[in-house]
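Keep in mind the model is a prediction, meaning the values are calculated, not measured. Sequence lines set the chain letters: A, B, ... in the order given, protein chains first and strands last, and positions in each chain run from 1.
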2 protein chains.
Amino acid sequence: MSTSSAGEPPRGYHHGDLRATLLQAAGALLVESGAGAISLREAARRAGVSHSAPYRHFADRQSLLAALAAEGFAELGARAGQVADLADFGRLYVEFALEQPGRFGLMFSAELDKARHPDLAQASKRLHDLLEAGVSRVAPSRDPQVVATAAWSLVHGLAHLLLAQQLGALDESSRRTMIEAVTRLFGEGLRG
Amino acid sequence: MSTSSAGEPPRGYHHGDLRATLLQAAGALLVESGAGAISLREAARRAGVSHSAPYRHFADRQSLLAALAAEGFAELGARAGQVADLADFGRLYVEFALEQPGRFGLMFSAELDKARHPDLAQASKRLHDLLEAGVSRVAPSRDPQVVATAAWSLVHGLAHLLLAQQLGALDESSRRTMIEAVTRLFGEGLRG
DNA sequence: CCTCTATGTTGACACTGAAAACATTCTAGC
DNA sequence: GCTAGAATGTTTTCAGTGTCAACATAGAGG
């Protein structure tokens with residue numbers, strides 16, 4: 001116990017929980033400097049392990065990123081599960097994206113091949129199912145797939161455009177206003 | 001003239017039009033294997049030039065990508081300019097994205113810092129202005145900024161979700177149907 | 001003609017993903 | 001307990017990349 005402080009169990013040759021530690025390190029990199037800054041070597045470095053060790057847990061770099069993305073879907077799904085109203089879901093969705101831009105970008109990155117990462121595909125499908133269920137409740141008379149796609153497209157596009165600074169520099173309050181207005185506009189379309 | 005064939009002017013030490021050639025090579029790479037596969041060295045290789053030559057025309061890799069993105073905005077803007085109806089714009093937008101996924105992704109990549117690339121910012125603003133003008137025509141009674149943002153979010157999100165294979169594997173026809181249905185739904189919202 | 005400047009080239013450095021060969025530890029089955 | 005064999009880490013190595021500095025060449029303007 002002499003060389004380890006609180007929270008870090010003593011580690012010998014074997015790390016004990018490298019996979020989780022790598023995910024944590026990569027998550028920190030994601031927040032600090034974006035997905036492009038994530039490297040297996042830096043993650044290994046931060047985990048205090050050789051540069052090659054990550055390959056025992058992730059087949060390649062993309063697999064690490066896919067795992068990070070899956071985490072994101074899980075968290076977003078958990079938050080969405082606590083919400084009944086469709087508009088709340090929209091707000092929550094955009095807020096998640098703005099709060100964790102790197103993670104959000106990763107979750108919908110075209111670089112991540114879902115066929116190669118079943119976990120990711122499953123996590124993302126769960127969110128999709130959740131949305132469709134919500135939509136059926138709100139607009140039962142319409143084709144739920146179409147409405148769900150429209151609803152998702154709307155909030156997803158808004159989040160993406162905001163992140164890409166495509167809508168100009170909006171301050172916190174006008175951003176909120178825009179989010180409200182856009183989702184309300186959609187709600188009107190549903191009822192009309 | 002003995003060493004050059006048609007279309008390729010004879011080149012000595014100086015290339016003559018390296019910048020354009022590099023953009024073309026990078027564009028090909030973008031189509032072939034995505035933005036991630038674009039490297040300055042490979043572009044140089046394809047242009048038949050030393051690995052360091054690109055730096056005379058692009059400050060760094062990101063600047064090359066930004067130039068490619070700006071090209072994309074220009075082309076999309078040109079196409080959009082020939083269209084009057086807002087719904088046509090939506091279709092055109094999504095089709096462009098599906099036709100040139102790599103380019104589209106680049107155009108809205110969060111990695112590209114618009115502040116560092118005024119050309120890109122300008123090209124993107126032009127498209128935005130075009131859209132707002134179209135919106136004012138269709139729904140003059142509403143706040144054009146809100147409606148434009150909603151319209152853009154909708155088509156942008158749909159394009160992005162389709163590209164990310166987030167909506168499941170749709171064949172050509174059901175994809176068209178979905179695009180039609182989603183844009184129509186939005187049109188109803190505008191009139192309602 | 002001759003210099004100045006734009007454009008290319010060479011060579012180096014640090015970093016990365018990835019694979020192969022080797023070392024250590026943990027865990028079953030005896 | 002002891003001991004194979006499976007997991008997990010390490011070392012070493014390779015090819016590729018972005019970027020920079022020092023140098024070479026060509027073209028344009030005086």
Looking only at atom types and distance, does a side-chain atom of B:Ser136 sit under 3.5 Å from a main-chain N or O of B:Glu132, one as donor and one as acceptor?
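Yes; at least one donor-acceptor contact below 3.5 Å.
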Any N or O donor-acceptor pair linking the side chain of A:Arg19 to the base of D:dT8 at under 3.5 Å?
no
Below 3.5 Å, does any donor atom in the side chain of B:Ser52 face an acceptor in the base of D:dC20, or the other way round?
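Yes, a donor-acceptor pair under 3.5 Å.
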If you only use heavy atoms from C-beta on, which nucleotide in D:dG9, D:dG18, C:dT9 is closest to the side chain of B:Arg41?
D:dG18
In terms of side-chain heavy atoms of A:His51, which of D:dT12, D:dT19, C:dG8 is nearest?
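Nearest to the side-chain atoms of A:His51, counting from C-beta on, is D:dT12.
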Spacing of A:His57 atom NE2 and A:Leu22 atom CG [to the nearest 0.5 Å]
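One gets 6.5 Å once the value is rounded to the nearest 0.5 Å.
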CZ of B:Arg41 to CZ of B:Arg61: how many Å apart, nearest 0.5 Å?
13.5 Å
Kindly state which residues belonging to residues 55-72 of chain A come within less than 4.0 angstrom of DNA chain D, counting heavy atoms of the residue only, listed by number.
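Going residue by residue through residues 55-72 of chain A, the ones with a heavy atom under 4.0 Å of DNA chain D turn out to be A:Arg56, A:His57.
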Nucleotide C:dT7, atom P - distance to CG of B:Asp17 in whole Å:
11 Å
Figure out the CD1/C1' separation between B:Ile38 and D:dG16, and round it to whole Å.
16 Å
If the plane angle is over 60° it's perpendicular, under 30° parallel, otherwise tilted; pick one for A:His160 and B:Phe108.
tilted
Take B:Leu18 and A:Glu42, find for each the nucleotide of DNA chain C with the closest heavy atom, and name the residue whose nucleotide sits nearer the 5' end.
B:Leu18
So, is B:Ser39 near the phosphate of D:dT17, with a side-chain N or O under 4.0 Å from OP1 or OP2?
yes
Qualifying residue for side-chain contact (heavy atoms from CB on, under 4.5 Å) with A:Leu65, from A:Leu30, A:Asp60, A:Leu112:
A:Leu112
Neighbour count above 12 (heavy atom, 6.0 Å) for B:Glu32 CD
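Count over threshold, so yes.
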Indicate, with a heavy-atom threshold strictly under 4.0 Å, whether B:Arg45 touches base, sugar-phosphate, or nothing.
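B:Arg45: backbone/sugar contact only, no base atoms under 4.0 Å.
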